[in-house]
Amino acid sequence: MADSFLSQDEIDRLLNADADSNSDLQNNRSDAGIKPYDPHTQRRVIRERLHSLEIINERFARQFRMGLFNLLRRSPDITAGNIKIQPYHEFARNLPVPTNLNLLHLNPLRGTSLMALSPGLVFMAVDNLFGGDGRFPTKADGREFTPTEQRVIHRMLSMAREAYEFAWSSIYKIKTEYIRSEIQVKFTNITSSPNDVVVTTPFSVEIGSHRGEFNICIPFSTIEPLRELLSNPPMDNSRQEDSQWRGLLASQMRETELELTARFADIGTRLSNVMQMKKGDVITLDKQEFIEASVGGVPVFTAKYGAVNNQYALKVEQIMQPSLLSLNKE
């Protein structure tokens, strides 16, 4: 019977078992909603849609298509893809090798942007430029581009820069500046960190059954000063409405009635002298060559005093308010 009794340690363990299980369950429940936080990998959340940038991309696709047609003498089909906002390392990870990477400045914006031409686009352009029809596909195999391919690349890049400036012209005036070209992504540090957010737009170029890609990558910090302008595109008729409003305002201003005052002279005297004046006294005035005319106390022009058709008159010599000249032009 003595062996059937429990020791004090065994009793304590039995009593604390339920409490330990409840505490473990609570810990598991509390840990279930916790996610690890790493400040080095957290991406920036950008919620608004860049409507103006979508318009720019569509205009660029149409203008670049015309340039490729003039170069290759074949009608390409260029489609602008959806704008992607992602870390730079995700964009660089999906680029094929070799890819022609061109670094550009978008003056007056700060920072460096990237125009990436895929090898498929380069080989397709070279093949069509020399009369090929794509029956003999070119293999890249990680090699560098030949001098002939690089010459074709520079011609396409020049057309792309011109088309991109034209696409931006209605939103914001920019001037592209070519820096250099690279093949390896590790030499194109357009962001201070691989986790910095960039805005990328893919373009699909198709000629017949062959297809190539063209990517434009812009750091978000570069276009952030234009964030409000890119989110809310300007109205097309705003400039026309503004000119109509200015014309209406100018025409109404011309019909405004004003009181013109001409000051002939200023005489300094004392109140005692004024009190001693009587009928018949004469106040002498020094005749000035030019008289200042004013409206509401604001000088408007200088003039000469005289008479025309038995009426006193002022001959305007010089206009003193440039705003009157600009109103006349309106």
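This structure is a prediction, so every number in the text was calculated from the model and none was measured. We count residues from 1, following the sequence as given.
Pairing each heavy atom of Ser231 with each of His51, the nearest pair is O-CD2, 3.1 Å. When all heavy atoms of Ile78 and Leu68 are compared, the pair lying nearest together is CD1-CD1, 3.9 Å. Ser52 and Leu229 get closest at one heavy-atom pair: OG-O, 2.9 Å. In plain terms, the two heavy atoms of Arg211 and Met124 that are nearest each other are N-SD, 3.9 Å. The two atoms that bring Ala80 and Phe203 nearest to each other are CB-CE2, 3.6 Å, heavy atoms only. In plain terms, the two heavy atoms of Thr222 and Gly111 that are nearest each other are OG1-CA, 3.8 Å.
Side-chain contact of Thr188 with Glu182: a donor-acceptor pair under 3.5 Å is absent, judged by distance alone. When only modelled atom types and interatomic distance are considered, Tyr164 and Ser113 share no side-chain donor-acceptor pair under 3.5 Å. Side-chain contact of Tyr178 with Ser181: a donor-acceptor pair under 3.5 Å is present, judged by distance alone.
With salt bridges taken as basic N to acidic carboxylate O contacts below 4.0 Å, none links Glu177 and Lys175.
Under the 3.5 Å distance criterion, the side-chain polar atoms of Ser158 are left unmatched by any main-chain donor or acceptor of His154. Side-chain atoms of Arg155 never come within 3.5 Å of backbone atoms of Leu71 as a donor-acceptor pair (strictly under, hydrogens ignored). At least one donor-acceptor pair under 3.5 Å links the side chain of Asn102 to the backbone N or O of Met115. At least one donor-acceptor pair closer than 3.5 Å links the side chain of Asp281 to the backbone N or O of Lys278. Proximity of a side-chain donor or acceptor of Glu149 to a complementary backbone N or O of Thr146 within less than 3.5 Å is detected. Asp127 places no side-chain N or O within 3.5 Å of a backbone atom of Phe123 that could act as its donor or acceptor partner. At least one donor-acceptor pair closer than 3.5 Å links the side chain of Asp196 to the backbone N or O of Ser193.
Side-chain contact check for Ile83 versus Leu53: some heavy-atom pair is nearer than 4.5 Å. Between Val295 and Glu259 the shortest side-chain heavy-atom distance does not fall below 4.5 Å. With contacts defined as side-chain heavy-atom distances shorter than 4.5 Å, the pair Asn100/Leu121 does not qualify.
By the criterion of side-chain heavy atoms lying less than 4.5 angstrom apart, applied directly or through intervening Ile, Leu, Val, Met, Phe, Trp or Tyr residues, Ile56 is grouped together with Leu157 in one hydrophobic cluster. In this structure, Phe91 is not a member of the same hydrophobic cluster as Phe220, with clusters built from ILVMFWY side-chain heavy atoms closer than 4.5 Å. No chain of hydrophobic side-chain contacts below 4.5 Å, direct or via other Ile, Leu, Val, Met, Phe, Trp or Tyr residues, connects Val185 to Ile218. Grouping the Ile, Leu, Val, Met, Phe, Trp and Tyr side chains by contacts below 4.5 angstrom, directly or via other members, places Leu114 apart from Ile183.
The number of heavy atoms from other shown groups lying within 6.0 Å of CE (Met275) does not exceed 12. Within 6.0 Å of the CD atom in Glu317, the count of heavy atoms belonging to other residues, nucleotides or ligands exceeds 12.
To the nearest 0.5 angstrom, Thr200 atom OG1 is 10.5 Å from Ile216 atom CD1. Note that CG of Asn82 and OG1 of Thr201 are 9.0 Å apart. Values are rounded to the nearest 0.5 Å. Here the CD atom belonging to Gln184 is positioned 5.0 Å from the CZ atom belonging to Phe187, to the nearest 0.5 angstrom. Remark: Ile267 CD1 to Asn273 CG distance equals 12.0 Å, nearest 0.5 Å. Between atom OG1 of residue Thr99 and atom CG of residue Asn215 there is a gap of 8.5 Å, rounded to the nearest 0.5 Å. To the nearest 0.5 angstrom, Leu106 atom CG is 10.0 Å from Arg161 atom CZ.
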Could you walk me through whether Glu213 and Ser204 pass side-chain hydrogen bond (donor to acceptor under 3.5 Å, both in side chains), step by step? CA-CA 5 Å; Glu213 291 185 355; Ser204 176; over 6 Å; no
Hey, mind stepping through Phe290 and Phe301 against side-chain contact (heavy atoms from CB on, under 4.5 Å) and telling me if it holds? CA-CA 10 Å; Phe290 297 102; Phe301 56 81; over 6 Å; no
Walk me through whether Met156 and Phe214 qualify under side-chain contact (heavy atoms from CB on, under 4.5 Å). CA-CA 11 Å; Met156 289 195 299; Phe214 181 93; over 6 Å; no
Which is it for Leu226 and Leu109 under the side-chain contact (heavy atoms from CB on, under 4.5 Å) test, yes or no, and what are the steps along the way? CA-CA 9 Å; Leu226 307 177; Leu109 302 178; 3.8 Å; yes
Tell me, with the steps shown, if Arg110 and Ser221 meet side-chain hydrogen bond (donor to acceptor under 3.5 Å, both in side chains). CA-CA 8 Å; Arg110 301 182 61 182; Ser221 58; over 6 Å; no
Full working for side-chain contact (heavy atoms from CB on, under 4.5 Å) between Ile190 and Cys217: CA-CA 9 Å; Ile190 63 174; Cys217 177; 3.8 Å; yes
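Under the 30°/60° scheme for interplanar angles, the aromatic rings of Trp168 and Tyr172 are found to stand perpendicular.
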